[in-house]
Number of protein chains: 2
Amino acid sequence: MYDSLIAHIRKFVPLSEEEENLLTTSLRHKKVRKKEFLLKEGQLCSANHFVLKGCFRMYFIQENGVEQIIQFAIENWWITDYQSLDWQQPSHFYIQAIEPSEIALFDQSIIPDLCDRIPKLDRYFRLIVQRAFAASQQNLLYIYTFSGEERYHHFNRAFPEFIQRVPQYMIASYLGFTPEFVSKIKGRR
Amino acid sequence: MYDSLIAHIRKFVPLSEEEENLLTTSLRHKKVRKKEFLLKEGQLCSANHFVLKGCFRMYFIQENGVEQIIQFAIENWWITDYQSLDWQQPSHFYIQAIEPSEIALFDQSIIPDLCDRIPKLDRYFRLIVQRAFAASQQNLLYIYTFSGEERYHHFNRAFPEFIQRVPQYMIASYLGFTPEFVSKIKGRR
DNA sequence: CGCGACGTTGATTTGCCTCAACGATTGTGG
DNA sequence: CCACAATCGTTGAGGCAAATCAACGTCGCG
């Protein structure tokens, strides 16, 4: 059931049989319906989520009511609001399933204890978050360097599967512009 | 010499006397002159840097030649390019001292061994990077939600000391617009 | 079928950039 | 210590990328 997660962890750190067992018994498995939320604005985020199957988006709602997506997550990606998780603050974000999905759920309350018992887990999470942070820095580079049109083409080349799985207006939101503008880009040829 | 760093680590994880000693003997101390670089584009980033004293900026150079700052770091902040560090890729970024500064330097080559000997260090770095990532997500929220003018005023309120220490054109660069535009914002009243 | 969600297209507006010229301040060599 | 250059900030005119607003086409679904 958690094969893909175990395999993912083993790509970063070694894991004994006992550790694997301890891990899988500490996890929670969850089926998530399309449009169901893992987190809503104002709630405390209490878990780190690993996508076993399906697709999610993390977004917030701007003052003018427009949704702004800041992250997608598909199979083998982690998604959570670390700000809310670390500081126990109400979240600014929504995390919602775009497709029928399944996740493995690491409850925050068990993480310290679990990391004490499987010390390599701290390293695993450190490396995972470092990657996410590096990607975020790289993303900033794209935002500042390229025009909307260039960013759209780059996204298409880099993540062709998203174009298949995700409605166009969500791509627009993630890239920071309006659905109309995507239409116009596609119209130019 | 490393008091502020030790204190910073102890805010997140416990540290025994021996561990503290092992740590301080593994670190390197470095004075950095104003405008000196810790990292340049094309180089491999080989260390994680903790600011003991002074101020740094991390930036890249856009295709049109304009500098784009993506992070500042003052006392008690870590600064590095994790993308280059993790993947051993040439960096896209520059890290440069804005003031005469002093840093503690964690060489990447000793980090795995050091973390094996002081397991809590993995957790410390995990928490540090999580914070940085959360801040980066929050920053994205600001970029997408607010106009340049709003972002400038928010930055002023949130980080008044930077306005003192950092030239105005660097603030402009960090916020993603031109120095001229900052002038015009200040002119409106 | 008819309604709501999604995408397209065009006219108009706007936030910020570009370019250019000009003070003020800093720093540097003679 | 002054002269001069370089750096930094200000101001204005004009331009462009992308937003806004509005109308319409299309598809899937209760």
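The chains referred to below are lettered A, B, ... by the order of the sequence lines, with proteins before strands, and numbering in each begins at 1. Values reported hereafter were calculated over all heavy atoms of this structure, with side chains retained and with hydrogens, waters and symmetry mates removed.
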Spacing of Tyr169(A) atom OH relative to dT8(C) atom P, expressed in whole Å: 14 Å
Co-members of the apolar cluster containing Trp87(A) [side chain, <4.5 Å]: none
Phosphate contact (dT8(C) OP1 or OP2) by Lys186(A) side-chain N/O below 4.0 Å: yes
With sequence neighbours excluded, residues passing ring-ring contact (aromatic ring centres under 6.0 Å, His included) with His29(B): none
Test of ring centre spacing under 6.0 Å for Phe56(B) and Trp77(B): no
Would you mind writing out the side-chain donor-acceptor pairs for residues 129-141 of chain A within the sub-3.5 Å range, not counting sequence neighbours?
residue   : atom : partner   : partner atom : Å
Ser136(A) : OG   : Ser136(B) : OG           : 2.5

Listed once per pair and sorted, the salt bridge (charged side-chain N to carboxylate O under 4.0 Å, His left out) pairs that draw on residues 102-118 of chain A, sequence neighbours left out: Arg28(A)-Asp107(A), Lys31(A)-Glu102(A), Asp113(A)-Arg117(A), Asp116(A)-Lys120(B), Asp116(A)-Arg123(B)
Qualifying residues under side-chain hydrogen bond (donor to acceptor under 3.5 Å, both in side chains), relative to His8(A), sequence neighbours excluded: Tyr124(A)
Any residue meeting ring-ring contact (aromatic ring centres under 6.0 Å, His included) with Phe72(B), in chain and number order, not counting sequence neighbours: Phe162(B), Tyr174(B)
Distance in angstrom units between Ile98(A) CD1 and dC6(C) P, rounded: 11 Å
Residues which pass side-chain contact (heavy atoms from CB on, under 4.5 Å) with Glu161(A), listed by chain and number, not counting sequence neighbours: Ile74(A), Arg165(A)
Validation row, ring centre Tyr144(A) to ring centre Phe177(B) under 6.0 Å: no
Test side-chain contact (heavy atoms from CB on, under 4.5 Å) applied to Arg157(A) - qualifying residues, sequence neighbours left out: His153(A), His154(A)
Base versus backbone protein contacts along nucleotides 12-30 of chain D [heavy-atom cut-off under 4.0 Å; B, S, -]: BB----SSBBB--------
Global bending angle along the helix from dC1(C)-dG30(D) to dG30(C)-dC1(D), which compares the axes of five pairs at either end, to 10 degrees: 40°
Residues in ring-ring contact (aromatic ring centres under 6.0 Å, His included) contact with Tyr94(A), at least two apart in sequence or another chain: Phe37(A), Tyr59(A)
Atom-to-atom span, CG of Leu175(B) to C1' of dC17(C) - whole angstrom: 16 Å
Protein-nucleotide distance (Gln168(A), atom CD; dA5(C), atom P), rounded to Å: 18 Å
Using the 3.5 Å cut-off, write out each protein N or O paired with an N or O of nucleotides 21-29 of chain C and the distance between them.
none

